[in-house]
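When a ligand or atom number is given, it counts from 1 through the structure's own listing order.
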Amino acid sequence: MRIDILTLFPEMFAGPLSESIIKRARERGLVDIRIHNIRDHTHDKHRTADDRPFGGGPGMVLTPGPIFECVESELPEGTHLVYMTPQGRPLTQAMVEELAGRDAFAVLCGHYEGVDERVREALVDDEISIGDYVLTGGELPAMVLVDAVVRLLPGALGDDESAQQESFADGLLDCPHYTRPEVFRGMQAPEVLLSGNHGEIARWRREQAEARTRERRPDLTNREK
Ligand code: 4FV
């Protein structure tokens, strides 16, 4: 898979995309992540990539020129471009799985008040939000999206890191997990998990996941996956 990221702050991605599972997936060639600095597509000596909003008001808006040029010169024709914005579709595991099924996609990171609307009209294919709150930029949302997608790529998770037994895998929140010691500060791990009876264990985990989902996220129970 190829993932292109368009940002004014490429250095922000150094850490999160160069550690642990994402780092290994890149090293294994499972994903080719390319980060483009939108400012490299400016032509004035101040490398200006934003300007004051027409009609006045606070903040700055990312100008269309450098973004159009970055998309047209860096991305293969027809690349699916996702813009991270609070106005986007709330991100779900189903959307992550859809993106993980693609050969390639690109992520545009806004900043300040956002991008000029003509970028959204002419270039953006999908808008995604990671939650109903306002961040300083689209970089962290882009990292969240890339992390969620890359871990689903075949071979990204070692067999000890399964994508099967987890939240939302079947539309439910995850069940509780326990490991050694059996008793910690007087707190006993559930006997059923130590029983070796896999049928019983699977039933217990399912019941726990359903109960936890009903308690914490009843909205999930009637959401189709
Ligand atoms: C955001 C979110 C988000 C809004 C203004 C970037 C910021 C600034 N993106 N989910 N929540 N973006 O807060 O995706 O341009």
Query raised in the report: Is the shortest distance from a Lys or Arg side-chain nitrogen in D103 or R2 to a carboxylate oxygen in the other one below 4.0 Å?
Result: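 R2 and D103: not salt-bridged.
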Query raised in the report: Salt bridge between R47 and D40, side-chain N to carboxylate O under 4.0 Å?
Result: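 Result for this pair is yes, salt bridge flagged.
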Query raised in the report: Can a donor-acceptor pair be found between the side chains of R120 and Q87 at a distance below 3.5 Å?
Result: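 Their side chains do contain a donor-acceptor pair, which is all the 3.5 Å distance test asks for.
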Query raised in the report: Hey, are D4 and H36 close enough side-chain-wise for a donor-acceptor pair under 3.5 Å?
Result: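 Looking only at side-chain atoms, D4 and H36 do form a donor-acceptor pair, the distance falling under 3.5 Å.
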Requested in this report: Please lay out, stage by stage, how R203 and E200 fare under the test salt bridge (Lys or Arg N to Asp or Glu O under 4.0 Å).
Outcome: CA-CA 5 Å; R203 200 183 348 279; E200 276 302 308; 2.7 Å; yes
Report task. Mind listing the closest non-hydrogen atom pair of L153 and L30 along with its distance? Result ->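 Residues L153 and L30, closest heavy atoms: CD1-O, 3.7 Å.
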For ligand 1, which atoms sit closer than 4.0 Å to a heavy atom of [X]?
X: G110; value: 15 (O)
X: G137; value: 6 (C)
X: H111; value: 15 (O)
X: G114; value: 15 (O)

Query raised in the report: If you measure from each non-hydrogen atom of D132 to ligand 1, which part falls under 4.0 Å: side chain, backbone, both or neither?
Result: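 No part of D132 is near ligand 1 at this cut-off.
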Query - Polar proximity ligand 1 side, P141 side, N/O cut 3.5 Å exclusive - result: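 No.
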Query raised in the report: Got an N/O contact under 3.5 Å between G131 and ligand 1?
Result: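 Checking ligand 1 against G131, an N or O pair does fall under 3.5 Å apart.
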Query raised in the report: Do side-chain atoms of T213 reach the backbone of L173 as a donor and acceptor pair under 3.5 angstrom?
Result: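 The answer is yes, because a donor-acceptor pair under 3.5 Å joins these two groups.
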Report task. Report yes or no: does a heavy atom of I128 sit under 4.0 Å from some atom of ligand 1? Result ->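 Distance cut 4.0 Å: I128 passes for ligand 1.
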Query raised in the report: Under a single-linkage definition using a 4.5 Å side-chain heavy-atom cutoff for Ile, Leu, Val, Met, Phe, Trp and Tyr, are V61 and V119 assigned to the same hydrophobic cluster?
Result: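 Cluster IDs for V61 and V119 differ.
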Query raised in the report: Which residue from L135, L145, I130 reaches closest to atom 10 (N) of ligand 1 through any of its heavy atoms?
Result: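 When every heavy atom of L135, L145, I130 is considered, I130 comes closest to atom 10 (N) of ligand 1.
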Query raised in the report: Which option, Y112, Y83, Y133, owns the non-hydrogen atom nearest atom 11 (N) of ligand 1?
Result: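 That would be Y133.
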Requested in this report: Could you tell me the residue and atom name of the protein heavy atom closest to atom 12 (N) of ligand 1, and the distance to it rounded to 0.1 Å?
Outcome: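 Heavy-atom neighbour on the protein nearest atom 12 (N) of ligand 1: P86 CD, 3.7 Å.
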Query - Closest protein heavy atom to atom 14 (O) of ligand 1, given as residue, atom name and distance to 0.1 Å - result: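 Looking at atom 14 (O) of ligand 1, the protein heavy atom closest to it is T85 N, 3.4 Å.
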